[in-house]
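Order of the sequence lines fixes the chain letters, A, B, ..., with proteins taken first and strands second; residue numbering starts at 1 for each chain.
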Number of protein chains: 2
Amino acid sequence: MSSVPTPTPPRDVAHACAADDVAIDADLGWALGVVFRSYLKIAHHAMSEVPGGPRGYQVLAAAIHGQQNTQLALANQLGIDRTVMTYLIDDVERAGLVERQPDPADRRARRIVVTLDGHALLARLQERLKLAEDHVLAALDEDERTGFRTLLRRIATHADAADPARSPCEVVDDVAKITGTEPPRHPR
Amino acid sequence: MSSVPTPTPPRDVAHACAADDVAIDADLGWALGVVFRSYLKIAHHAMSEVPGGPRGYQVLAAAIHGQQNTQLALANQLGIDRTVMTYLIDDVERAGLVERQPDPADRRARRIVVTLDGHALLARLQERLKLAEDHVLAALDEDERTGFRTLLRRIATHADAADPARSPCEVVDDVAKITGTEPPRHPR
DNA sequence: TATTGTTATACTCTATAACTATA
DNA sequence: TATAGTTATAGAGTATAACAATA
């Protein structure tokens with residue numbers, strides 16, 4: 001999607017831009033893509049001053065209330081590869097937003113602690129992201145926004161709980177029905 | 001998506017996988033990312049048998065009711081670079097799903113026409129995508145789904161109309177307010 | 001001179017594997 | 001032997017520029 005993306009998305013995925021074609025815009029995937037990319041475009045712009053863009057922001061946000069502050073813990077939480085995390089934190093640290101500190105309990109690990117500058121920047125970014133949300137929801141009135149947020153959050157919570165990345169087996173059969181393919185025989 | 005940023009987007013944005021962190025899951029971007037990636041994961045799987053994946057599907061879908069069937073027209077509609085479109089159609093054509101036919105009105109252009117096999121595959125994919133939508137919306141009952149689709153479509157239509165890719169100037173000032181940056185002085 | 005489609009090249013991301021220092 | 005972090009290398013995807021054919 002990002003797909004995004006595309007989706008980015010992703011990039012990937014989440015990535016291809018949607019058509020403004022009438023016959024397609026009835027479908028959920030198209031609408032999700034347009035809305036998500038619309039949010040991402042603004043959010044990405046808003047986060048352009050933190051090194052690593054959205055990824056850097058996520059690291060800041062995750063590290064700030066972290067019980068689990070090591071690089072690997074952050075990487076797992078955010079779904080970022082640990083080798084990428086190294087470069088990412090290199091950049092964020094160079095910008096003075098976080099510091100690598102030795103973990104007193106494990107000399108292999110580094111605790112990522114957010115500096116004062118990091119706190120200040122994060123607060124500013126979060127304000128901007130709220131405005132970005134309002135911008136995305138501009139077509140709805142107050143009550144509709146609340147309703148939409150509630151429904152979306154329920155869908156997201158449900159989807160997140162079933163995310164194959166964390167609980168593969170539950171979803172496999174479901175996906176198999178949808179795609180018409182045989183479920184893989186648990187190569188993990 | 002994480003991506004998404006992403007969450008995407010993400011590739012990418014739209015790319016990084018979302019945290020299951022409580023403090024973050026209140027925000028709209030996170031929820032959008034999770035839901036969009038959840039859809040993409042299934043949709044991507046469902047479209048794995050068409051060359052080029054989701055992109056190949058989009059080409060099929062766009063070409064099938066196309067008044068504008070040339071490669072460049074499809075590329076513009078889908079937001080795909082025209083050089084990528086060449087490779088993409090190479091693959092889709094090799095699979096026997098479309099054919100390149102000379103445009104009688106312009107000998108430089110090629111019309112992309114969907115074959116019988118292409119029609120059949122597209123129909124099958126669209127059935128699967130409907131099931132993928134139901135899977136994403138599994139947390140909602142029938143009335144809630146209708147409500148969610150309606151609201152989402154309104155947001156998407158609004159966002160699509162304001163998409164900078166097609167009408168840059170309208171959004172610039174709005175974005176500038178949000179990001180706190182000066183609007184660029186129309187480099188285009 | 002501009003446009004459609006193709007090809008070649010370079011650049012960005014990501015994934016994989018190796019290496020170190022610790023456990 | 002396994003784990004946290006780092007580094008180097010290779011691959012996929014994308015963008016840029018140049019080219020031939022046609023307008």
Looking at A:Ala132 and A:Tyr39, what are the two nearest heavy atoms and their distance?
CB-CE1, 4.3 Å
Nearest whole Å is fine: how far is D:dT3 P from A:Gln68 CD?
15 Å
Taking it one step at a time, do B:Thr70 and B:Ile112 satisfy side-chain contact (heavy atoms from CB on, under 4.5 Å)?
CA-CA 6 Å; B:Thr70 70; B:Ile112 306 304; over 6 Å; no
If the sugar-phosphate is the primed atoms plus P, OP1 and OP2 and the base is the rest, what is the B/S/- string for nucleotides 16-23 of chain C, using protein heavy atoms under 4.0 Å?
BBB--BBS
Rounding to an integer number of Å, can you tell me how far B:Ile112 CD1 sits from C:dT4 C1'?
12 Å
Verify, without hydrogens or angle tests, whether B:Arg110 (side chain) and B:Gln71 (backbone) share a donor-acceptor contact under 3.5 angstrom.
no
When rounded to whole Å, the CZ to P distance for the pair B:Arg111 and C:dG5 reads 10 Å
Would the distance check show the side chain of B:Gln101 and the main-chain N or O of B:Arg111 forming a donor-acceptor pair, the cut-off being under 3.5 Å?
no
Does a nitrogen or oxygen in the side chain of A:Arg55 sit under 4.0 Å from OP1 or OP2 of C:dT14?
yes
For B:Asp81, which residues count as a side-chain contact (heavy atoms from CB on, under 4.5 Å) partner, sequence neighbours excluded?
B:Thr83, B:Val84
Applying the side-chain contact (heavy atoms from CB on, under 4.5 Å) test to A:Val59, which of A:Leu78, A:Ile64, A:Asp91 qualifies?
A:Leu78
Using a heavy-atom distance cut-off of less than 4.0 Å, which residues of residues 84-101 of chain A contact DNA chain D?
A:Thr86, A:Tyr87, A:Arg100
For B:Ala46 and B:Arg128 the tightest heavy-atom approach is O-NH1, 3.3 Å
B:Arg82 side chain to B:Leu72 backbone, donor-acceptor under 3.5 Å:
no
